[in-house]
Amino acid sequence: MPAAYLISTSEITDPELMQEYVRKAGPTSGPYGAELLASTTEVAHMDGTWKPSRVVLFRFPSMERAKAWYDSPEYQAIVDMRLRAAESSLIFVEGME
């Protein structure tokens, strides 16, 4: 089963609320096997129109585990904090086997 990757981009509008979200969100992903690979504002725009100022990248053991984390009661209890603290997008992509 291939790994799945969470890619999130954001333009933070409420830094204090985002800090609270990050503090609460971190522990919710561990039980689903998530590994934080990147969380940075060091983004090198090379071409195209996509110009995020912040990127977060996680690896999950599978798409099933990634979706289970997102749908979990623990994460659903705080996801609104991210949506209020930033203009953000979050996607899952399946990796190569």
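For this chain, numbers begin at 1 and follow the sequence in order.
For K67, there are no side-chain hydrogen bond (donor to acceptor under 3.5 Å, both in side chains) partners two or more places apart in sequence or in a different chain. Every side-chain hydrogen bond (donor to acceptor under 3.5 Å, both in side chains) that R82 has, sequence neighbours left out, goes to Y75, S88. Residues satisfying the salt bridge (Lys or Arg N to Asp or Glu O under 4.0 Å) criterion with E74, sequence neighbours excluded, are absent altogether. The side chain to side chain contact (heavy atoms under 4.5 Å, CB included) test applied to P31 returns no partner, not counting sequence neighbours. Residues that satisfy the side-chain hydrogen bond (donor to acceptor under 3.5 Å, both in side chains) test with R23, not counting sequence neighbours, are absent from this structure. By the side chain to side chain contact (heavy atoms under 4.5 Å, CB included) test, Q76 is found to be paired with Y70, V79, residues two or more places apart in sequence or in another chain being considered. Taking D80 as the reference, R84 meet the side-chain hydrogen bond (donor to acceptor under 3.5 Å, both in side chains) condition, with sequence neighbours excluded. Remark: L37 engages Y5, E35, L57, R59 in a side chain to side chain contact (heavy atoms under 4.5 Å, CB included) (not counting sequence neighbours). Applying the side chain to side chain contact (heavy atoms under 4.5 Å, CB included) criterion to E64, with sequence neighbours excluded, gives S62.
When all heavy atoms of K51 and E11 are compared, the closest pair comes out as O-OE2, 3.9 Å. Closest of all the heavy-atom pairs between Y32 and S72 is OH-CB, 3.2 Å. Heavy atoms only, all atoms of each residue included: P2 and G95 are closest at CB-O, 3.3 Å. Among all heavy-atom pairs drawn from F58 and S29, the shortest one is CE2-OG, 3.9 Å. Between P61 and R65, the shortest heavy-atom contact is CD-CB, 4.2 Å.
The side-chain heavy atoms of V56 and L90, taken from C-beta on, include no pair separated by under 4.5 Å. Side-chain atoms of F60 and F92, non-hydrogen and from C-beta on, do get closer than 4.5 Å to each other.
At least one donor-acceptor pair closer than 3.5 Å links the side chain of T13 to the backbone N or O of A85.
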Distance-only donor-acceptor hits, side chain of residues 38-45, under 3.5 Å, sequence neighbours excluded:
unit_1, atom_1, unit_2, atom_2, d
S39, OG, R54, NH2, 2.9
T40, OG1, E42, N, 2.8
H45, NE2, D47, O, 3.2
H45, NE2, G48, O, 2.8

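When the side chains of ILVMFWY residues are joined at heavy-atom separations under 4.5 Å, either directly or via intervening members, L36 and L6 end up in a single hydrophobic cluster.
The 12-atom threshold is exceeded at CD of E94, counting heavy atoms of other residues, nucleotides or ligands nearer than 6.0 Å.
Distance CD1/I12 to OH/Y21: 11.0 Å, rounded to 0.5 Å.
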